Each structure stands twice: as structure tokens, then as C-alpha cells.
Amino acid sequence: MATPGPVTPEAPFESSQSPVIEGFIPSVYSTSESFKEKFLRKTRENPMVPIGCLGTAAALTYGLYCFHRGQSQRSQLMMRTRIAAQGFTVVAILMGLAASTMKSRP
């Protein structure tokens with residue numbers, strides 16, 4: 001059994017400074033972004049997510065409209081379409097996350 005080497009005491013944590021994490025950069029962007037700028041940047045990075053969100057909202061809206069008008073078969077179809085659109089959106093988010101992770105690797 002190997003004996004551990006000498007233990008060096010670490011400096012105490014100072015709450016006035018943020019912790020230093022090796023390899024972590026708190027902000028890639030030096031300037032603060034407005035909501036519109038961030039939305040446009042994120043849309044350009046992964047355009048499938050907003051498309052999936054719009055598809056989900058459209059299917060939900062049309063399904064509720066059909067339900068209100070008494071078209072239960074069409075309403076059920078649109079609710080199933082909504083589930084498929086939500087699945088597409090989740091897959092798009094995961095694919096975008098995987099792509100950004102692979103892109104950030106050295």
C-alpha cells in the first residue's frame with residue numbers, strides 16, 4: 001500500500017473573489033447582449049429549435065381551435081402532431097448541445 005505524499009494546505013476560500021476553475025471561461029462575449037441580440041445569435045447557432053417551437057405552438061393552437069369547434073378527430077390528430085413537434089424540438093436541442101460540445105473541444 002502506497003503512502004500518501006505530504007499534504008500542502010490550500011489557501012482558504014475568499015468569498016469576495018469568484019473561484020478559479022481550470023479551463024472555464026465565465027463569458028466568451030466581452031460585451032453584454034440585449035435579448036434580441038442573444039435570441040438572434042442562438043437562432044443562428046441552432047435554427048431547428050425555433051422551428052420546432054413554432055411547429056409545437058401551431059399544432060397546439062390549431063388543435064385547440066378544432067376542439068372548440070367540435071372536430072374531435074382533427075383535434076386528436078393535432079395533439080399527436082404537437083407531441084411529435086415537441087420531440088423534434090428536444091432532439092434539436094440535444095443535437096445543438098452535442099455540436100457545440102464537439103466544436104469547443106481542442
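Please read all numbers here as calculations on a predicted model, not as lab measurements.
Between Met79 and Ile83 there is no side-chain heavy-atom pair separated by less than 4.5 Å.
Applying the side-chain hydrogen bond (donor to acceptor under 3.5 Å, both in side chains) test to pairs two or more places apart or on separate chains, those with a residue in residues 81-96 are Arg82-Gln86. Pairs of residues two or more places apart, or lying in two chains, never qualify as side-chain hydrogen bond (donor to acceptor under 3.5 Å, both in side chains) while including a residue from residues 50-63. Sorted by first and then second residue, the side-chain hydrogen bond (donor to acceptor under 3.5 Å, both in side chains) pairs involving residues 93-102 (not counting sequence neighbours) form an empty list.
Nearest approach of Gly96 to Asn46, heavy atoms of both residues: CA-ND2, 3.3 Å. A pairwise comparison of heavy atoms in Gly55 and Ala85 identifies C-CB, 4.0 Å as the closest pair.
Cluster partners of Val90, using a side-chain heavy-atom cutoff of under 4.5 Å among ILVMFWY residues and allowing indirect links, are Leu94. Taking Ile, Leu, Val, Met, Phe, Trp and Tyr as members and joining any whose side-chain heavy atoms lie under 4.5 Å apart, directly or through other members, the hydrophobic cluster of Ile51 also contains Met48, Phe88.
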Donor-acceptor pairs under 3.5 angstrom involving side-chain atoms of residues 64-78: please list them, not counting sequence neighbours.
from  : atom 1 : to    : atom 2 : distance (Å)
Tyr65 : OH     : Arg69 : NH1    : 3.0
Ser75 : OG     : Gly63 : O      : 3.2

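In this structure, Glu45 pairs ionically with Arg41, as a charged nitrogen and a carboxylate oxygen lie closer than 4.0 Å.
For the atom pair NZ of Lys42 and CD of Glu37, the computed distance is 14.0 Å after rounding to the nearest 0.5 Å.
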